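Heads up: the structure comes next, in structure tokens.
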Amino acid sequence: MSAALAPRDRLRLLGLLTPAYLWLTVAIFLPLSAMLFFSLLSDVPFGDAPWHVTADNYLAFFQTTTYAKLLWKSIKLGLMVTLACVLVGYPCAYVLAKTIRGRAREALFLLVILPFWSNSLVRIFSWAIVLRGNGVLEVGLNAILPFEVDVNLMFSTPAIVIGLVHSYLPYVILTSYLALQAIDDSLIDAARSMGAGKLTILRRIVLPLSLPGLVAGAVLVFVPVVGSFMEPRILGGRVGTYYGTVIEDQFVAVFNWPLGAALSFILLAVVLLILAVTSPVLRRAQA
Amino acid sequence: MAEVRVEHVTKTFGDFRALDDVTMDFPDGGFFGLLGPSGSGKTTLLRAIAGFLFLDAGRIRIGADWVEDVPVEKREIGMMFQSYALFPNMTVADNVGFGLRVRRVGAAEERRRIGEALDLVRLGDFGDRKPHQLSGGQRQRVALARAIVTNPRVLLLDEPLSALDKALRVDMQIELKRIQREIGITTIFVTHDQEEALALSDKIGILKDGRMIQAGPPREVYRNPIDIFAAEFLGEANILRRPGGSLPSGGVIHLPATATDASALAVRPENMTLSATEPAADGLSKMSGILAQRVFSGALGICLVERDGNVVKVIARDEDLPDIAEGDTVWISWKPEHTIVIPGG
């Protein structure tokens, strides 16, 4: 396509693209390259300790089963959170896009994006207050229910999932909303005129046509959740050891940057592999 | 196939009366046009028959059943949308087969009927294409095939041809009529194009501000419009607000026997004749004016004649028009039987 552009247009294009690419180079490519370099070293190249290039950090992943098990645990967490986000977010996006109109939609949209506006650490500690024994949830439930219940979700997997779902739900809602809104209402009318019920319309028209948005949202949730460490650490306590928290430990506690970097790149490779394997399947489902 | 009857149907959206006590009959197997300016309620009426909206009052019958409380998906209708509303994620065959799949007719029967429907619209070889690979006219045919493949009791078309360019539109009018004749389905369509309505319909209904102004065979409505709006909306009309008899500036208008003091008179532009001098023949209605403008449009010539601040339009074969320069005095004449009496005025 660029071959068809006049030199003037090409120059303008270059001018518009350069700042973005420059920024991406400085902010992403350079630090990532540095990390890749670290991951191949025997020790941090600061201070006086001698260091040399080695693959040991990557081999460490395979020498014990601990890392692989933690990675699998993180992937399961990612799947769980993604599934929960899809189940909660997609219907919400559908109602926003197809049922509610005008000012009510704007107001509800604001509520959806609200989590983005608060500091994530504050958000997580708020959940801690809600979920702990004798916390807001337990007191609230006991005030309503006629019988006594014990609700202490703190330091458990459900607490981590709740915290993560709350943080990442807006991604699924926003991407699904955009995809759903793009579906012409007359398609739904047409399907109804041909005798299709609500479920058939959802399964054969609405879902296939909005799948790209839903998948984009799911990916936006899945990838960061697999590497997450803050929510597991604060809401998970002792059960909150995940692949992400181990990486964090390498950087801030053990000060073994090379191992942390190597583990990060293994995570990146695994996530890319998962996406590469699933994308053709999803593309076929959409066709 | 079934007849459709709409009885005293009223629908309001907030303060807006979209349909106001509309009654119309659509006999079995006919082709009916709903005509009106935008906002007149014609699409609302079509969607009411389809079942997309609940009525505030009134009843709708399809065949032997009163259906006003039956949801769209149970009404056994076929509908074609203005945007065609083809499912972009499905092939042409799957689009056409959608309604059959919902009805679980079985794979073999489904394939057979998809093939039949596509053959009917002359798209037999296009089953494997996706909608985005089709031209506008082809999409329209797919939408039509999809609407009739389930043998609905009534076919509803919402501005079926408005998205096509003019040449294609005329072709599709003929095609639409052929298909409708061939399967004999009761068909109701909405249009704002009066020519299209006249060309296709066995009966038309003119709507204005949610009310059905006049309904009847196109020729009858064209010749005997019930009010000035109907006269001007369906074709063109020169409205004469002057009383009949001799005119002070010379000329005469012969009043038809049915005219009263309250009625207005109208003459279609194509029924008027233009001449340079006062026509001598007896019994003609005639009046003079100044030729303000003459427009050549190929086969036809359009002349605007100014008279007492009013503009009268005359349309004739261009070669039949006398050689008169703009600004000259001309005479307009017409046969008395071409004076239309509009009862309501």
Side-chain angles (χ1 to χ4, degrees), chain A residues 1 86 90 93-95 97-106 175-218 278-287, chain B residues 13-14 43 46-47 49-53 70-91 94-105 110 117 128 130-132 139 142-159 163:
Chain A
M1 216 188 324
V86 166
Y90 190 75
Y94 184 86
V95 171
K98 291 292 172 208
T99 313
I100 296 169
R101 309 246 173 255
R103 292 190 69 83
R105 182 194 277 180
E106 283 166 34
T175 56
S176 302
Y177 170 82
L178 287 177
L180 284 165
Q181 210 201 15
I183 298 175
D184 190 350
D185 284 345
S186 69
L187 293 183
I188 294 164
D189 284 351
R192 290 184 67 197
S193 77
M194 283 177 268
K198 290 194 169 61
L199 265 180
T200 309
I201 293 173
L202 180 69
R203 192 171 55 81
R204 294 199 58 200
I205 293 158
V206 175
L207 202 53
L209 287 178
S210 60
L211 201 60
L214 185 61
V215 168
T278 48
S279 70
V281 178
L282 288 169
R283 207 169 305 143
R284 210 167 324 126
Q286 196 195 325
Chain B
F13 297 108
T43 299
L46 194 79
R47 291 179 70 82
I49 296 169
F52 286 114
L53 37 93
V70 178
V72 185
E73 49 270 31
K74 300 258 191 299
R75 279 198 193 183
E76 296 286 321
I77 54 143
M79 182 147 176
M80 203 173 100
F81 293 79
Q82 191 172 6
S83 59
Y84 308 145
L86 298 180
F87 305 131
N89 54 327
M90 298 182 198
T91 61
D94 286 342
N95 261 286
V96 175
F98 186 89
L100 300 171
R101 186 75 56 88
V102 170
R103 286 168 179 73
R104 297 178 205 283
V105 297
E110 191 180 307
D128 295 330
K130 284 286 188 77
H132 68 87
R139 275 180 224 174
V142 175
L144 182 61
R146 191 178 68 171
I148 58 181
V149 73
T150 54
N151 293 328
R153 295 192 288 180
V154 51
L155 177 61
L156 306 172
L157 312 171
D158 184 7
E159 304 255 0

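So you know, we letter chains A, B, ... as the sequences are listed, proteins then strands, and number each from 1. Keep in mind that what you see is a predicted model, and the values were worked out from it rather than measured.
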Just wondering, more than 12 heavy atoms not from A:Arg103 lying within 6.0 Å of its CZ?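 At most 12 heavy atoms, drawn from other residues, nucleotides or ligands, come within 6.0 Å of this atom.
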
For B:Phe81, is it the side chain, the backbone, both or neither that has a heavy atom under 4.5 Å from a heavy atom of chain A? side chain

Chain A contact via B:Leu86 - side chain, backbone, both or neither, heavy atoms under 4.5 Å: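 Only the backbone of B:Leu86 comes within 4.5 Å of chain A.
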
Residues 175-183 of chain A: residues contacting chain B (heavy atom under 4.5 Å, by number): none

Could you give the distance from [atom1] ([X]) to [atom2] ([Y]), rounded to the nearest 0.5 Å?
X	Y	atom1	atom2	result
A:Ile188	B:Phe52	CD1	CZ	10.5 Å
B:Arg47	A:Ser193	CZ	OG	10.0 Å
A:Arg192	B:Lys74	CZ	NZ	10.5 Å
B:Glu73	A:Thr200	CD	OG1	10.0 Å
B:Tyr84	A:Leu187	OH	CG	14.5 Å

If you count heavy-atom pairs under 4.5 Å with chain A, which of B:Ala143, B:Ala85, B:Gly78, B:Ala147 comes out on top? B:Ala85

For B:Met90 and A:Ile205, run side chain to side chain contact (heavy atoms under 4.5 Å, CB included): C-alpha distance rounded to whole Å, both residues' side-chain angles, the deciding distance at 0.1 Å, then the answer. CA-CA 9 Å; B:Met90 298 182 198; A:Ile205 293 158; 4.1 Å; yes

Name all residues meeting the salt bridge (Lys or Arg N to Asp or Glu O under 4.0 Å) criterion together with A:Asp184; count only those two or more places apart in sequence or in a different chain, and write none if there are none.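 For A:Asp184 there are no salt bridge (Lys or Arg N to Asp or Glu O under 4.0 Å) partners, ignoring immediate neighbours.
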
Which atom of B:Val102 lies closest to which atom of A:Gly195, heavy atoms considered: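 B:Val102 and A:Gly195 have their closest heavy atoms at CG1-O, 3.2 Å.
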
